[in-house]
Peer 1: 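The structure follows.
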There are 2 protein chains.
Amino acid sequence: MLDERKFMILRAIIDDYILTAMPVGSRTISRKQGVGFSPATIRNEMSDLEELGYLAQPHTSAGRVPSDKAYRLYVDSLLKRDELTEDEKLRISDYISRRAGQVEDVIRAAADILADETQYTSVIVAPRIQTLRIKRVQLVPVDEGTALMIVVTGAGIIKDALLSVPSDMSAENLYRLSEMLTNELGGHSLSEVRQIFAGVFRNLSINRRLLGGVLKVMEEKLTEDAPEDVVIGGTTKLLNYPEYSDIEKAKNFLSVFESKDRLAGLLKKAGGMEISIRIGTENEIEQLKDCSLVTATYRVGQHGRGTLGIIGPTRMDYHRVVTIMQYMGGVISKLLSGENYEE
Amino acid sequence: MLDERKFMILRAIIDDYILTAMPVGSRTISRKQGVGFSPATIRNEMSDLEELGYLAQPHTSAGRVPSDKAYRLYVDSLLKRDELTEDEKLRISDYISRRAGQVEDVIRAAADILADETQYTSVIVAPRIQTLRIKRVQLVPVDEGTALMIVVTGAGIIKDALLSVPSDMSAENLYRLSEMLTNELGGHSLSEVRQIFAGVFRNLSINRRLLGGVLKVMEEKLTEDAPEDVVIGGTTKLLNYPEYSDIEKAKNFLSVFESKDRLAGLLKKAGGMEISIRIGTENEIEQLKDCSLVTATYRVGQHGRGTLGIIGPTRMDYHRVVTIMQYMGGVISKLLSGENYEE
DNA sequence: ATTAGCACTCGACAGGTGAGAGTGCTAACG
DNA sequence: CGTTAGCACTCTCACCTGTCGAGTGCTAAT
C-alpha cells in the first residue's frame, strides 16, 4: 500500500528523528544524500503519510514526527540486522564472563553491560528457579538446633534457608539426611518437589517423629513462591534523552521500576519469541506509552529460560538494540547452560 | 556568641525553610506563634545572622536561606530527639523482621523501609564479611570435578563459590575435607584465613597435592576483596523535592549512586560514631554539596559492623531522620546478631 | 531597644513583537 | 502528469518590556 518512494521517505524521517528527537521538516529530508526530490515533493508525500497515520504534526508548521504505526512498519520491514564489530562482541562477552560463577552475578553483569552498550535502561528476569534441575540438597549445621539448607544446581546455589532441627541432631546425621534428600530430589525440578515429598514421607525408615517436622518445613521452604528475580541496569540512562527532560515525565517513567513483579510480567508477555519489540501503546502500560520495549529470551540448561529487555523512547535505535540483544542472549545462554566452571 | 533571641529566630527560619523550601522573609517569622517581635526587628537580627554566616540571600529582596553553618548549629544544639510512636516502631520492625533470614534480605528490607519512612534515599552498607567469625566451611559436590564451597557464619551464608576439585574426589571425601576445614577455620574471621592456611599446609596428612589446589582457590576466594556490598533504597525519592526539579541537578545527584564503592567509602567515613551528620560541603563530594548525609552504625555479633545512611537535601527533617535511624540501627543490630532463627 | 514608615531592589509574570522554520497551495515547467 | 519554485500563512520561540509583590535596609519616632 505504500509505494517505494513513500517507504524511502518514511525511513529517512524515522532515521533522522531517532537521531535528533526533533520534528523533521521537508527540507531536511530533501537535502539528504540519495533523495533526489525537492522539499515540495517531499511535502506532498509527507502529507499523504500523515493521512495514512504514519506521521503526526505536533502543530502546524513544525516538522513531522513518526507515529507508533510508523515505528511498527519500520521494525517489521525496514529493519536490517547488523553484525556487531569484533570489538563490541569482545567487550560484552568479556565483561559478563569475567564475573561468571553464580547465576545472579552473571545476570547483574549482563544488565550493567546491556545498559551501558545501548544507553537505555535494561531489565533482566532471572530464570525461574522452579524449572531448574536440582543437583544436590545439602544441610549444613550452623548452631545448636539450626541448620542451613542449600539447594544446588549446575549453576550454583538456587535456594537456601535456615531451618531449626532437633537439637540432638549430629552433623553426621545431617550429612546422611542430605544424601537421602539428594537421592530423592536430584534430577528433578523444584516444581516437582511437592509430589516427591509425599513419597518420601511414606518410605521414611529413619525416626519418623524426629524428622517429620523438619521435612515439613523443608517442603515449605522448597515450594514457596520466590518473588520474581528482576535485575535492572542503568535506571537513570533515560534522563539523558530530551523527551525526559521534564521531571514529571521522568518520575512517571521511573515509577515503572518500583514494582518488580509487574515489570517481570511485562517482560514475559513477550512469550517465547526470540526477539520481541513492543512500541509505545502496544505496551498496555500507561507510563510506557512513549516507550518501546525490546525483549529477548535466553535459555538455561534444558528447561530454564529468562528474559532480557531494554526500555527506551520509541525513537530508539532499533538496529543497534536488536543486534546487541541478540548477541547477548546467546552469551548468557551459553554461560548459564554450559558447565564451564574451571576458574 | 549567639544570644537567646538570635538562636530562636535562626531556629524558626530553619524550621520554616525545611518545611517550605522557600526563602524565609521577616514577616513570616514575625507572624509565628511565640515570636513577639515586629518584622523590622527580625530583619535586624537576620541581617546580623547573615553577617555571621548563618544565613544567605539568593538575591536582594528574596527572603533568607540557612547556610550549612546554620544547619550545623541546628543539629548540634537545637536538635531535640523525639521518640517514635509505637505505631511507627511496629511498622518498621515488622517490615524488617518479616524477611529475617539471610543477611542480605534484612539489609534489603531495611533499606526499603528506611527510604519509605524518611522519604529520602537510603543507603546501607552490609557488614564487612572479613570481620565475621566463621562457623562452618562446607564443600558440596555439584558435578564431576566441581564443588560448591559455602562459608557459614551465625548470620547465614556469607560467601559461596564454585571450585574445581580433582575429578576422582568422592562426596565422602569432600565431606571429610569440610570437617577438617571447619575445625581449622571455625571461630576465626575471614581476615585471618590467610595465616591459618599457611599452618594447614604444613600439617596436611591427606594427599597434599590434591588438597593444595583446593586450598589455593579457597584462599583466593575467601580473601579476595569482595566489592563493598551496598544496598540502595528509594533512589528516586529525591525527585519529589523542589530543589531537584531541575533535571541536571537530579542527574548530578543520581550519578553519586553509580559507584557503590565510592558510596561505601563515603558512608564509612563516619567512623564508629553512633550517629553522624554531615551537611552540604562537609561531604567533600562535589555532587553532594547541597545534600546532607546522616549515618548510623549497626553491629553484627561481636565484631561485625555496618553502616546505614540516608541522603537528602540539606534542609532535611533532621529530627525525624535521626530518630528513625537510631531506632533502625538497633533493630538491625538485634536481628543480625541475635540467634533467633526459629521460623 | 524596638518599631513604623518608606524608598528601593529584584524576580516572576503577562503581554507584545519579530525571526525562523515549516507548511499548504498554486501556478509554471519539462 | 509528476515535479518544482514561489509565496502567503501559521505557529513557536526567544526576547523585550512594564507591572506587581515580596522583601529588604535605612531612618526617624516611640
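We name chains A, B, ... by the order of the sequence lines, and we start the count at 1 in each one.
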Peer 1: Does the side chain of Thr41(B) get closer than 4.0 angstrom to OP1 or OP2 of dT3(C) through an N or O atom?
Peer 2: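 Thr41(B) to dT3(C) OP1/OP2: side-chain N or O found under 4.0 Å.
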Peer 1: Inspect the contact between Glu45(A) and Arg5(A) and indicate whether a charged nitrogen and a carboxylate oxygen are less than 4.0 angstrom apart.
Peer 2: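 Judged by the 4.0 Å cut-off on N to carboxylate O distance, Arg5(A) and Glu45(A) do form a salt bridge.
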Peer 1: What is the distance from CD of Glu45(B) to C1' of dT2(C), rounded to the nearest Å?
Peer 2: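 In whole Å, dT2(C) C1' and Glu45(B) CD are 11 Å from each other.
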Peer 1: For Asp16(B), which of Lys32(B), Arg11(B), Arg64(B), Arg315(B) qualifies under salt bridge (charged side-chain N to carboxylate O under 4.0 Å, His left out)?
Peer 2: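 Result for salt bridge (charged side-chain N to carboxylate O under 4.0 Å, His left out) with Asp16(B): Lys32(B).
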Peer 1: What pairs with Tyr17(B) under side chain to side chain donor-acceptor pair (under 3.5 Å), at least two apart in sequence or on another chain?
Peer 2: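 Residues passing side chain to side chain donor-acceptor pair (under 3.5 Å) with Tyr17(B): none at all.
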Peer 1: Looking at Tyr54(A), is Lys69(A) sitting on its ring face, NZ or CZ under 6.0 Å from the six-membered ring centre and within 45 degrees of the normal?
Peer 2: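 Output yes; distance and angle both within limits.
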Peer 1: For Phe37(B), give me all partners under ring-ring contact (aromatic ring centres under 6.0 Å, His included), at least two apart in sequence or on another chain.
Peer 2: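 Phe37(B): no ring-ring contact (aromatic ring centres under 6.0 Å, His included) contacts found.
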Peer 1: Rounded to the Å, how far apart are Ile42(A) CD1 and dT3(D) P?
Peer 2: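 Computing the Ile42(A):CD1 to dT3(D):P distance gives 10 Å.
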Peer 1: Which parts of nucleotides 12-30 of chain D does protein reach within less than 4.0 Å, heavy atoms only, written one letter per nucleotide 5' to 3' as B for base, S for sugar-phosphate only and - for none?
Peer 2: S---------BBBB-----
